[in-house]
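The basis for the numbers below is simple: all heavy atoms, side chains too, and nothing from hydrogens, waters or symmetry mates. Remember, predicted model here, so these are calculated numbers, not experimental data.
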Amino acid sequence: MHELAIATSLAETLIRYMKENAVKVTAAHLRIGPFSGIDPEALNFAWEPAVANFPGSGLEKCHLVIRMAKVKHSCRECGKCFEFDDWQIKCPSCGRETLHRESGSEFILESAEVQDV
Ligand SMILES: [Zn+2]
């Protein structure tokens with residue numbers, strides 16, 4: 001389950017952030033692309049055991065807020081950009097099969113809710 005490794009490195013990132021800024025992170029907002037290979041449910045499931053590896057870190061009360069990113073495509077032919085929930089081949093504007101995937105593989109820590117310690 002590689003989500004545990006991802007959750008662990010996310011925990012490390014947040015712990016570093018908490019130390020540098022003297023705050024406690026209470027929620028981490030993530031954006032995950034459908035092509036990132038990360039299962040949001042598995043990541044949520046892995047979060048608790050990942051945090052348990054860092055006792056006293058202050059992350060115990062932090063929860064994850066995961067949002068799936070839309071997939072952005074651009075058309076090589078007509079240059080238009082589109083957002084899809086899933087994979088599409090044809091350009092909705094000109095009908096050609098010249099779509100190029102611009103995004104959908106991201107794993108982004110968008111923001112964190114913090115409290116002063
Ligand atoms: Zn097009």
Side-chain angles (χ1 to χ4, degrees):
M1 188 166 87
H2 77 139
E3 276 80 5
L4 183 59
I6 294 162
T8 302
S9 87
L10 177 65
E12 285 167 350
T13 303
L14 292 174
I15 289 166
R16 204 177 322 125
Y17 179 82
M18 290 195 295
K19 277 189 188 145
E20 282 168 6
N21 297 281
V23 290
K24 195 180 217 176
V25 176
T26 54
H29 292 250
L30 308 170
R31 183 152 48 99
I32 298 178
F35 296 104
S36 63
I38 301 167
D39 176 356
E41 226 170 277
L43 183 62
N44 245 330
F45 190 73
W47 181 239
E48 215 181 290
V51 167
N53 286 330
F54 304 98
S57 65
L59 271 184
E60 292 80 3
K61 295 241 164 72
C62 174
H63 66 276
L64 303 182
V65 182
I66 300 174
R67 198 163 62 82
M68 291 308 285
K70 291 236 160 116
V71 184
K72 282 197 185 104
H73 289 84
S74 66
C75 177
R76 285 201 184 94
E77 205 64 44
C78 68
K80 291 223 166 103
C81 280
F82 308 94
E83 279 192 356
F84 301 126
D85 287 324
D86 53 23
W87 177 249
Q88 287 207 23
I89 296 168
K90 280 192 179 158
C91 172
S93 177
C94 70
R96 291 200 176 86
E97 294 181 4
T98 50
L99 288 183
H100 172 69
R101 202 172 88 208
E102 303 275 357
S103 70
S105 312
E106 59 267 64
F107 175 73
I108 299 169
L109 174 58
E110 279 196 315
S111 60
E113 292 170 32
V114 298
Q115 265 176 7
D116 291 332
V117 279

With salt bridge (Lys or Arg N to Asp or Glu O under 4.0 Å) as the rule and sequence neighbours excluded, what pairs involving residues 33-59 come up? none
Who are the side chain to side chain donor-acceptor pair (under 3.5 Å) partners of His63, not counting sequence neighbours? none
Applying side chain to side chain donor-acceptor pair (under 3.5 Å), name anything that partners Thr13, two or more places apart in sequence or on another chain. none
Please identify each residue that fulfils side chain to side chain contact (heavy atoms under 4.5 Å, CB included) with Lys72, with sequence neighbours left out. Glu83, Glu102, Ser103
Glu60: side chain to side chain donor-acceptor pair (under 3.5 Å) partners, not counting sequence neighbours: none
Pairing residues for Arg67 by the salt bridge (charged side-chain N to carboxylate O under 4.0 Å, His left out) criterion, not counting sequence neighbours: Glu110
Rounded to the nearest 0.5 Å, how far apart are NZ of Lys61 and OG1 of Thr26? 10.5 Å
I'd like to check the side chain to side chain donor-acceptor pair (under 3.5 Å) partners of Arg96; sequence neighbours left out, ordered by chain and number. none
Sorted by chain and number, sequence neighbours left out, side chain to side chain contact (heavy atoms under 4.5 Å, CB included) with Arg101 holds for Phe35, Val71, His73, Trp87, Ser105
Calculate, to the nearest 0.5 Å, the distance between atoms SG and CD belonging to Cys91 and Glu97 respectively. 11.0 Å
Can you name the residues that form a side chain to side chain contact (heavy atoms under 4.5 Å, CB included) with Ser111, not counting sequence neighbours? His29
What's the separation between atom CG in Leu99 and atom SG in Cys78, rounded to the nearest 0.5 Å? 8.0 Å
Looking at every non-hydrogen atom in both residues, tell me the closest pair between Ala46 and Ala7 and how far apart they are. O-CB, 3.9 Å
Students should find that the hydrophobic cluster of Ile66, defined by side-chain heavy atoms under 4.5 Å apart, otherwise consists of Ile6, Leu10, Leu14, Ile15, Tyr17, Met18, Val23, Val25, Leu30, Ile32, Ile38, Leu43, Trp47, Val51, Phe54, Leu59, Leu64, Met68, Phe107, Leu109, Val114
Inter-residue atom distance Lys19.NZ - Ser57.OG, 0.5 Å rounding: 8.5 Å
Among residues at least two apart in sequence or on other chains, which ones pass side chain to side chain contact (heavy atoms under 4.5 Å, CB included) with Cys81? Ser74
Drop me the distance from Lys80's NZ to Ser93's OG, to the nearest 0.5 angstrom. 3.5 Å
